[in-house]
Amino acid sequence: MVVRAVRGMKDILPDEAARWQRLEHTFRSIVERAGYGEVRTPHLESTELFVREIGADTDVVAKEMYSFSRHDDELTVRPEGTAGAARAYVQNNLAQLEPVTRWYYLGPMFRAERPAKGRFRQFHQAGCEIYGDAGPACDAELIAMCTELVMALGVRDFVVHVNSIGSAGTRARYRDALRDYFSPLAGSLSDDSQRRLVTNPLRILDSKDPRDQEASRGAPSVSALLDEDDAAHLAKLRGYLEDLGVPYVFDPRLVRGLDYYTRTLFELKITSGELGAQDALLGGGRYDEMIQHLGNKKPVPAIGFAMGLERILAVTPLGAPRAGPDCFFAPLVESAVGRSLVLAKSLREHGVSCELDGRGQSVKAMLRRANAMKARLVAIVGQEELERGEVTVKDLDRHEQVRVPFADLFDAVRARLAVPRSSSELSRDELRVPASVP
RNA sequence: GUGGUUGUAGCUCAGUGGUAGAGCACUGGAUUGUGGCUCCAGUGGUCGCGGGUUCAAUUCCCGUCAGCCACCCCA
């Protein structure tokens, strides 16, 4: 093997792609039902977009972006979806067209991190954004929809963490407060956190190092520093979540790695341990200042989330390998191949999925293959059938076969397909898919 | 980026300083045109790659690449 896929990126073969399709279909149907329309933005953006909106000091921008120069352009393959969608919102003047915009997106993202369990260099996110509604009702609605999504995908062991980080002013005050609190304790912090004390003291709260956790015990809570409006927003959000019956924990230590967040932050974490250290299935928050920061004439509040599809697929029972064809054509002699091609084409035009093996194998080999690919029926055309203008239709589930004239093939196939498979033929995976999955 | 760990058949893995094996999968046969079970046989490997030690390296040593895991951070 001379050329391999690059590190941290992988091929998704058809059986696995079938699981992706089900996941994507479930996601689309749930978010479209809630009023979101799909937006497709370029995978390549100006490097400046991410540097300005995500923040030059964040890990994502400082060390994880795939960036390059092309002539006079500085370009970056998108590491996340929110910045590009917001850029598209501003560039296309959406604020002038409608008061509230609900978008969703789905696709690959790229970060040059060291791969680990649940972490890849090309990974996929599906996310939603709401522009133009500053109220806590849409925060609650969005969070509720996130739980609905993962429930529909069969995930049960999760907990929703919610926090508020306040507006930009609050965050600055909180940062100072944390510096004041941790500075005298600096000697007992981990090396990483001593560095964080300078760069981003909020992150110390989130550290897994026991020394940092011990030191964080008495740290000031952001709640005390929230201004009146921030606090009211949070209180209303919590009230709505209770009205909706969405279980969540208020987690004042929840911090997210992107600079653009304001007020509401949330994260949905898996609790089963299946994802190792990468327990965040989905994360999001409000970013009320980004749209104006991008140059929009007027400020537009916004909120959104992104879900990691690889991580969902790692914990969802969504099994369902690719279905086999309705009818497998087995021409037994070369002179029957042409006729089989014509019959198969005709069945397909009537909506019957067909596969044809023209390699000239033995009947046994063809039946074995039809069985292995879980075909329901086999249409056999051998010398005898050809001479009489007939085709043998064998039902692999019921061990029965009939011989019919060419012209009657569709009726015979339709009649057979109308009879359900015997229940023992249903795969366990299909039975495990939750009822809410389409 | 740091640390740990593993690379032998398509997959899961044995194994030995004297150039390799099992199970599953695949192909064929037992059944002159009938699958799933069973039995038999066969195809398939530069033992990740490069260098070193040695009469001889898949085995020992070094490097490198890749996978996995943890840290940092995140989906």
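Each chain gets a letter, A, B and so on, in the order the sequences are listed, and its residues count up from 1.
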Next on the checklist: Can you say whether a donor on the side chain of Arg368(A) sits under 3.5 Å from an acceptor on the base of U34(B), or the other way round?
Outcome noted: no

Next on the checklist: Taking atom types as they are modelled, would you say the side chain of Lys364(A) forms a donor-acceptor pair with the base of U34(B) within the 3.5 Å cutoff?
Outcome noted: no

Next on the checklist: In whole Å, measure the gap between the P atoms of C55(B) and U16(B) for me.
Outcome noted: 24 Å

Next on the checklist: If you compare every side-chain N and O of Gln361(A) against the phosphate oxygens of G28(B) (OP1, OP2), does one of them come in below 4.0 Å?
Outcome noted: yes

Pairs of donor and acceptor atoms involving the side chains of residues 361-369 of chain A, under 3.5 Å and at least two apart or interchain, shall be tabulated with distances.
from, atom 1, to, atom 2, distance (Å)
Ser362(A), OG, Ala365(A), N, 3.1
Arg369(A), NH1, Asp357(A), OD2, 2.8

Checklist entry - Is the base of G33(B) touched by the side chain of Glu385(A) through a donor-acceptor pair closer than 3.5 angstrom? => result yes

Next on the checklist: Need one value for Gly127(A): base, sugar-phosphate or nothing, where a base atom within 4.0 Å counts as base even if backbone is also close, heavy atoms only.
Outcome noted: nothing

Next on the checklist: Base, sugar-phosphate or nothing for Ile380(A)? Non-hydrogen atoms, less than 4.0 Å.
Outcome noted: base

Checklist entry - Within this structure, what is the NZ-to-C1' distance between Lys269(A) and A75(B), rounded to whole angstrom? => result 12 Å

Checklist entry - Base, sugar-phosphate, or nothing for Glu113(A), non-hydrogen atoms under 4.0 angstrom? => result base

Checklist entry - For atom C1', what is the distance between A66(B) and G17(B), given to the nearest Å? => result 27 Å

Next on the checklist: Students often get this wrong, so: under 4.0 angstrom with heavy atoms, is Leu332(A) touching a base, only sugar-phosphate, or nothing?
Outcome noted: base

Next on the checklist: From CG of Asp357(A) over to P of U27(B), roughly how many Å is that when rounded to an integer?
Outcome noted: 10 Å

Checklist entry - Which whole number of Å gives the distance between the C1' atom of C24(B) and that of U31(B)? => result 25 Å

Checklist entry - Does a salt bridge link Arg173(A) with Asp176(A), judged by any charged N lying under 4.0 Å from a carboxylate O? => result no

Item to check | Secondary-structure notation, RNA chain B, from Watson-Crick and G-U pairs under 3.5 angstrom (| other strand) | outcome: (((((((..((((....[..)))).(((((.......))))).....(((((..]....))))))))))))....

Item to check | Euclidean distance for C1', U8(B) against G21(B) (whole angstrom) | outcome: 10 Å

Next on the checklist: Applying a 4.0 Å non-hydrogen cut-off, can you work out what Glu310(A) is touching in the nucleic acid: base, sugar-phosphate, or nothing?
Outcome noted: nothing

